[in-house]
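Fair warning: this is a prediction, and the values are worked out from it, not measured in the lab. To find a chain, count down the sequence lines: A is the first, B the second, and so on, and within it residues start at 1.
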Number of protein chains: 2
Amino acid sequence: MGYERSTIDGERSNRTVALAAEFGRMITSGDLLSGDALPTEKEIQSHHGVSRTVVREAIRHLAAKGLVSVGPKVGTKVRPRIAWNMLDADVMAWHLTAPVRRPFIEALYEMRLINEPNAARLAARRIDEAQSERLRRALGGMRDYPRGSAELIAADLDFHRIVLEATGNPLLVSLGSLIERSLSVSFSLSWRQNPQDETVRQHDRVMQAILSGDGDAAELFMRRLIESAFDDVIHALYANGEEETRSGGAPDARKIAEPRPSGAA
Amino acid sequence: MGYERSTIDGERSNRTVALAAEFGRMITSGDLLSGDALPTEKEIQSHHGVSRTVVREAIRHLAAKGLVSVGPKVGTKVRPRIAWNMLDADVMAWHLTAPVRRPFIEALYEMRLINEPNAARLAARRIDEAQSERLRRALGGMRDYPRGSAELIAADLDFHRIVLEATGNPLLVSLGSLIERSLSVSFSLSWRQNPQDETVRQHDRVMQAILSGDGDAAELFMRRLIESAFDDVIHALYANGEEETRSGGAPDARKIAEPRPSGAA
DNA sequence: CATCCGCAATGGTCGTACCATTGCGCCGGA
DNA sequence: TCCGGCGCAATGGTACGACCATTGCGGATG
């Protein structure tokens, strides 16, 4: 609470955002490759029936995220994938709604696996009383709300967000928006193969460790928690057998899926 | 090579970007607090002598980064700090050029300390031949170029970027832009209190570990490397005694300034 | 054949006009 | 007096049309 909705774009849906999302998805999904030129502003205007204002603001939106570069005479061109700001909520959302998203989801969970256990460790040292209380309430929500309900999802999300906030590091807090997306994917795939009890228990262990100031335990339990979620998602992706629509990179996507063969740190 | 410049905004300097940067800095530096309203578009137009197009595109730029939200009748308002996308190169740059930046720099290095050692571990398992060669060349550059030269800075930056690229994780690659900013801060403060030889040796140890596939060593050495850089920056910040220019929050800025009472990890 | 210059394409900026949404106050009824 | 609905007006959203600035490219020139 005391927090604004963070919708897919931080503002209401209007033509500018819709147009930006359309091109954003085209770019992230690979329909437009690095160096490819977008249509000229004039062409986009006539094709989409919008004014140049909308076109320009939409392109500015994309440029702000590093997806395109613009310049007189050269037009609007797609920047190399490496220059994109993947750590942007919109860019991430566009990736996650693309037809081929498995590698991206795996990368996302790998990122969580690196950051959230460490965040839990820091949170154990720095969490304050108000945050502790919010954490307890979030866990209570996870325990009480029915499986798959919107409240449960919100509670789960809150839990992770509060841990990140408790680190006091604004950069880690910003990761919250990424986790939000990844959770929404988990839910859309099939929520938690694991029994809800087990999931709650895992969260509870993390919370107890943080509240008692045990950084090592917090890190360990958070790692296990995310690994479980990771396994769920990977399992669901393979089970559903979705997205073979790409060239043929399905098999070696598995390579990325294994972040650490033996235990850890 | 094979890479576009990633300037401060990904595009050339124009009035839109300049205006966005002006408000961006005002917001990140705390001159405008959460909930505060920016001037209306009309006021900004007359005050800055620019057209409404420029104003709107600039605000769109800020909205894309989560700094503001806009709406009819309500105007443009600053969003809570927690909603900002700190993991954006522009937002980060604005923070780093703000009068009070010490806490942010410390958060940035803490973030590096979490991610880069893990990235080094992953790189040790996944780096390919081309990346290995680029890594060797970057290290050579760090050894050969004179202290403080632009080439040295570029080589240092390349080194870290290549390690992140070698993870194959696009999200980690995006962290490269953050590291770019943090390095530029290091340089602006006073480059590497440490002797250059020692710095090169640290990088060399990381590289050897990665090239030999020793993930544990790569992680360890990368951690030490970043801790050294962290110490340098902290030391320089305290030595320079900069940024007491704020209202009166100078003393308790120290509280945030101590991310790790005793050693760590 | 090399160099320079000018054209034209394309984004950059500007100004105006009108539409859409919504906060807020006015007005009428209970 | 209090409450609720309704309309005004402020503000952003969209749309045109014009002109400026930059730059790729090809033709003119030595």
_Under a 3.5 Å distance rule, please check whether A:Trp84 uses its side chain to pair with a backbone N or O of A:Lys65 as donor and acceptor._
no
_Short side-chain to backbone donor-acceptor contact, B:Asp36 and B:Leu32, under 3.5 Å_ = no
*Out of D:dA15, D:dG13, C:dT13, which has the shortest distance to the side chain of A:Arg15?*
D:dA15
*For B:Arg143, check side-chain hydrogen bond (donor to acceptor under 3.5 Å, both in side chains) against everything at least two apart and list the hits.*
none
In whole Å, what is the span from the [atom1] atom of [X] to the [atom2] atom of [N]?
{"X": "A:Leu19", "N": "D:dG13", "atom1": "CG", "atom2": "C1'", "result": "14 Å"}
{"X": "A:Lys73", "N": "C:dA9", "atom1": "NZ", "atom2": "P", "result": "7 Å"}
{"X": "B:Glu57", "N": "D:dG12", "atom1": "CD", "atom2": "P", "result": "16 Å"}
{"X": "A:Ile59", "N": "C:dT13", "atom1": "CD1", "atom2": "P", "result": "14 Å"}

*Please identify each residue that fulfils ring pair (Phe, Tyr, Trp, His ring centres under 6.0 Å) with B:Phe159, with sequence neighbours left out.*
B:His203
*Phosphate OP1/OP2 of D:dG13 contacted by B:Arg56 side-chain N/O (<4.0 Å)*: yes
*Got a salt bridge between A:Glu133 and A:Arg136, using NZ or NE/NH1/NH2 to carboxylate O under 4.0 Å?*
yes
_If you take any heavy atom closer than 4.0 Å to DNA chain C, which residues from residues 37-55 of chain B end up in contact?_
B:Gly49, B:Val50, B:Ser51, B:Arg52, B:Thr53, B:Val54
*What is the distance from atom CG of A:Leu135 to atom CZ of A:Arg161, rounded to the nearest 0.5 Å?*
13.0 Å
